[in-house]
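Order of the sequence lines fixes the chain letters, A, B, ..., with proteins taken first and strands second; residue numbering starts at 1 for each chain.
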2 protein chains.
Amino acid sequence: MTLYTQVAYPGRMADLVALLRDKGLRSTPHRRAVLSALAQNPHLTVAQVGEEVTRAGSSGGPSAVTELSRQGLYNVLEDLRRVGLVRSIEPAGSPALFELQHGDNHHHAVCRSCGSVRDVPCAVGDTPCLEPSAAGDGFVVDEAEVVWWGLCAGCRDGGRADA
Amino acid sequence: MTLYTQVAYPGRMADLVALLRDKGLRSTPHRRAVLSALAQNPHLTVAQVGEEVTRAGSSGGPSAVTELSRQGLYNVLEDLRRVGLVRSIEPAGSPALFELQHGDNHHHAVCRSCGSVRDVPCAVGDTPCLEPSAAGDGFVVDEAEVVWWGLCAGCRDGGRADA
DNA sequence: CATAATTCTTGACTCAGTCAAATAAAGGGG
DNA sequence: CCCCTTTATTTGACTGAGTCAAGAATTATG
């Protein structure tokens, strides 16, 4: 998958434009800015994407957007998700988190104390856990989602962790 | 685990009373009614638990409760969860779903179309998927949660499914 | 440059869940 | 059997996340 390398350099506008158009989406400043923000920060909430976008915009980056509405943010993220550029997870107790779709099949470890999320490469290969038979009775699996719950190193040591 | 057989018969009040007191919880009509409702219906939302409880109550069952406040419902479910009698899952896009804690380590298959949830026994044994090493870097896993997404038999056939 | 199609903003709204304080019920001791 | 302390429950206001609908602005094409 070359996707990651394409979007990992937010400075390269042409790549972002091509990426969007390849997927049948118009290239807009907001979409480019959201992709850039996610390329630099995995696991952002919708609100955090908004903050990143405006922060990057105010510092005059390549996708200079200084504001975008909440609805616009949801629209952009949903459009990117629909064409497969972006993926979201919704750990219990957390608002949705967005990340670039890397094409690998990684899962997530979520700290019960601080809520931090780590990527966990899937040990089983590229399309693991897909055991249609397990579900039985005609259920057709298209995705297996795994979340490991526990404590991250920092929270386990710190004891009084709650950030 | 004998838990399931204990609470699977909502008519047996004495069992529910003992179950609660064993866990250090007072036996109240609401708690017994919620356990009864979950014994008969897996994967209920908070609202559905409320409906079941009032429905069962109005038909004069053993835990005759005809009403309970929303906050009371949340309190009861949280108390039961805390002592390990009840478990909840929160599939993306759905409000929290509650089920009795059966002690097995089953997972869930969720239909993308109709939202129905099926239990899927864990193929790997009683405490599967717990691969602390996979998370790396000092993360200590205490639970692995697996959700299989796909289409249930009914929705796959029906085509225009959306219930 | 004009136009049609798509995207974005605005503001009201819903739904799920939480907080805090007053009221009611449970269960053990007299 | 009744009282008292502890524990549950109700009430009502509130927050946060996400959605809906309609009008305004932007994109890309001819």
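Looking at B/Val120 and B/His106, their side chains never come closer than 4.5 Å, going by heavy atoms from C-beta outward. At a threshold of 4.5 Å between non-hydrogen side-chain atoms, the residues B/Pro91 and B/Leu97 count as touching. Side-chain contact between B/Val34 and B/Leu38 is present, with at least one heavy-atom pair separated by less than 4.5 Å. You'll find the side chain of B/Val117 reaches within 4.5 Å of the side chain of B/Ile89, heavy atoms only. Under the 4.5 Å side-chain criterion, counting only non-hydrogen atoms from C-beta, A/Asn41 is in contact with A/Glu52. Residues A/Leu35 and A/Leu20 are in side-chain contact: their nearest non-hydrogen atoms beyond the backbone lie under 4.5 Å apart. Using a 4.5 Å heavy-atom threshold, the side chains of A/Leu44 and A/Phe98 count as separate.
Bounding nucleotides for the chain B contact on DNA chain D, 5' to 3', at a heavy-atom distance below 4.0 Å, are D/dT6 to D/dA13.
Side chain of A/Arg156 to backbone of B/Gly138: a donor-acceptor contact under 3.5 angstrom is found. Between the A/Arg31 side chain and the A/Leu80 main chain, no donor and acceptor come within less than 3.5 Å of each other.
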Counting primed atoms, P, OP1 and OP2 as sugar-phosphate and everything else as base, the B/S/- map of nucleotides 9-18 of chain C against protein heavy atoms under 4.0 Å is BB-B---SBB

In 5'-to-3' order, the base (B), backbone-only (S) or no-contact (-) status of each nucleotide in nucleotides 23-30 of chain C, using a 4.0 angstrom heavy-atom cut-off, is --BBSS--

Next on the checklist: Let's go through B/Asp22 and B/Leu85 carefully: what are the C-alpha distance in whole Å and the side-chain angles of both, what is the deciding distance for side chain to side chain contact (heavy atoms under 4.5 Å, CB included) to 0.1 Å, and is it a yes or a no?
Outcome noted: CA-CA 11 Å; B/Asp22 281 357; B/Leu85 289 176; over 6 Å; no

